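If you're wondering where the values come from, they're calculated on a predicted model, not measured in any experiment. In what follows, every chain begins at residue 1, and chains take the letters A, B, ... in the order their sequences are listed.
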There are 2 protein chains.
Amino acid sequence: MQYSKSTDYALHALLHMAHTRRRDNIGIKELAASLGVSESYLSKIMSKLRQDGIVRAVPGANGGYELAKPPGRITFLDVVRVIEGRQRLFECSNANSRQHRMLAEESGSEPAGDLPDSDECLVKQVMDGAERHLHQYLQEHTIQSLLDAAASRERSRTAGRK
Amino acid sequence: MQYSKSTDYALHALLHMAHTRRRDNIGIKELAASLGVSESYLSKIMSKLRQDGIVRAVPGANGGYELAKPPGRITFLDVVRVIEGRQRLFECSNANSRQHRMLAEESGSEPAGDLPDSDECLVKQVMDGAERHLHQYLQEHTIQSLLDAAASRERSRTAGRK
DNA sequence: TTATTATGGATATTCGATATCCATAATAAA
DNA sequence: TTTATTATGGATATCGAATATCCATAATAA
Ligand code: SF4
Ligand code: SF4
């Protein structure tokens, strides 16, 4: 259970774009060289980021990418969502096993209820709660906040130099 | 990014064992039948749980598995750790890229420091923080607490029946 | 018009998750 | 002791997602 390398690449690409603030945009060549990854592969990732409205892209000479939002409004969760997709952390695979009936229909009453009981499953409730905590934290951190932390650390390091 | 089916199976196996409290232990046959998964595969999972001290196993006739701890002390995190392994949520793949130097050695000063800076990486700090939140939540939920919730829900449902 | 750049389809490769089979060891029951 | 039962671990096979590359096409600036 691990975030894919694509998430790594996407985050670093955005950090690069936010860090080297220029008027014009940044081409896939420069990004790929900076990250040490092939242009072909990174372009797929950038395409996803564009489809989700995180970056803008312009083809043609001197084209490239630029952030579509201020870096303070691009959260880690945004990036994770785009790259990792929207599949849940936990997905039940056998909702019609004996095991399920034991947990979800303990009383055996009201079999005519027939509701899909997606929200009834207690295992899923625990896992969804965990996922919520994870996502909430990721939502509180943005590209900008990381750069701020880097700058802040740099200041304290320079000040504390002997 | 999703927990594997093995985690699903492990959780349900433990829930089954904790739920059907008997003097004797439960064989792989009964467990596999209850979960709707092959005995071969489930045995691998149970083996892992045994190696980690979560269940005990006795071979031979009338053998099987039993919980090695009270279900109140078996957390979801325990199970996830055993099955999913101990790989981190985020693992940097290119710590020697230009991108890294931009973020981690902004000042360019003290290149002789040479410390492995595993704790210096700000990206990793964010991701590790997210992982901590996820794990903390999983640690607060146990096999017992889920069964308690099921029983509690059952009571309120029975009481509220028209 | 030309060179440059992003886009998306197709495809190949790798690797972990999933799954099964079997020989062996250990244990209880007969 | 003998036999049947059960867990264990090694070997192996299969599948699918992640990773990666290539290429034809569209779009844009020079
Ligand atoms: S209890 Fe929940 S996780 Fe378990 S089988 Fe039923 S729906 Fe799936
Ligand atoms: S900044 Fe952190 S995540 Fe990025 S390349 Fe350096 S070590 Fe890896």
Please check if any side-chain donor atom of A/Ser6 sits under 3.5 Å from a side-chain acceptor atom of A/Tyr41, or the reverse.
-> yes
In a check of side chain to side chain contact (heavy atoms under 4.5 Å, CB included) between A/Leu67 and each of A/Asn25, A/Val55, A/Ile26, which one passes?
-> A/Val55
Anything under 30° is parallel, anything over 60° is perpendicular, the rest tilted; go ahead and classify B/His12 against A/Phe90.
-> parallel
Write down the partner of C/dT14 under the Watson-Crick or G-U wobble criteria, each distance required to be under 3.5 Å.
-> D/dA17
Can you establish whether the number of heavy atoms outside A/Lys29 located under 6.0 Å from its atom NZ is more than 12?
-> no
Does B/Tyr9 or A/Gly64 map to a spot on DNA chain C nearer the 5' end, using the closest nucleotide for each?
-> A/Gly64
In the strands shown, is D/dA11 matched to any nucleotide by a Watson-Crick or G-U wobble pair with both distances under 3.5 Å, and which?
-> C/dT20
Specify the separation, in whole Å, of atom CZ of A/Arg56 and atom C1' of D/dT28.
-> 16 Å
What does B/Gln51 touch in the nucleic acid at a heavy-atom separation under 4.0 angstrom: a base, only the sugar-phosphate, or nothing?
-> sugar-phosphate
Respond yes when some side-chain nitrogen or oxygen of A/Asn62 is under 4.0 Å from OP1 or OP2 of C/dT4, and no when none is.
-> no
Can you check the A/Lys5 NZ to D/dT19 P distance for me, whole Å?
-> 7 Å
Shortest side-chain distance from B/Ser6, nucleotide among C/dT18, D/dT8, C/dT7 | C/dT18
Reckon A/Ser38 has a side-chain N or O less than 4.0 Å from the OP1 or OP2 of D/dT21?
-> yes
Close side-chain approach of B/Leu134 to A/His133, heavy-atom, < 4.5 Å | no
Whole-Å distance separating the CG atom of A/Leu31 from the C1' atom of C/dT5 = 13 Å
Mind checking whether A/Ile83 and A/Ile45 have side chains closer than 4.5 Å, heavy atoms only?
-> yes
Identify whether any heavy atom of B/Lys29 sits under 4.0 Å from a base atom; if not, whether one sits that close to sugar-phosphate; answer base, sugar-phosphate or nothing.
-> nothing
B/Glu39 CD to D/dT5 P: how many Å, rounded?
-> 13 Å
Has A/Ser47 got a side-chain N or O lying under 4.0 Å from the OP1 or OP2 atom of C/dA6?
-> no
Separation of C/dT4 P from A/Asn25 CG (nearest whole Å) | 16 Å
5' priority, DNA chain D, between A/Gly63 and A/Val37 [closest heavy atom] | A/Val37
Please state whether the phosphate of D/dA7, meaning OP1 or OP2, lies under 4.0 angstrom from any side-chain nitrogen or oxygen of B/Arg50.
-> no
If you check the B/Pro59 side chain, which of D/dA7, C/dA6, C/dA29 turns out closest?
-> D/dA7
Within the structure shown, what part of the strands sits under 4.0 Å from A/Tyr3 by heavy-atom distance: base, sugar-phosphate, or nothing?
-> nothing
Side-chain N or O of A/Ser4 less than 4.0 angstrom from OP1 or OP2 on D/dT19?
-> yes
Can you check the A/Ile45 CD1 to D/dA17 C1' distance for me, whole Å?
-> 15 Å
Send over the distance from B/Ile28 CD1 to C/dA26 C1', rounded to a whole Å.
-> 16 Å
note: B/Lys48, atom NZ; D/dA7, atom P; distance rounded to Å ~ 18 Å
Under 4.0 Å between a side-chain N or O of A/Tyr41 and OP1 or OP2 of D/dT19?
-> yes
Starting at the 5' end of DNA chain C, which residue's closest nucleotide do you reach first, A/Ser40 or A/Gly60?
-> A/Gly60
Using purine N1 to pyrimidine N3 plus N6-O4 or O6-N4 for Watson-Crick, or N1-O2 and O6-N3 for G-U wobble, each under 3.5 Å, what pairs with D/dA26?
-> C/dT5
Picking from C/dA10, D/dT8, C/dT20, which would you name as closest to the side chain of A/Lys44?
-> C/dA10
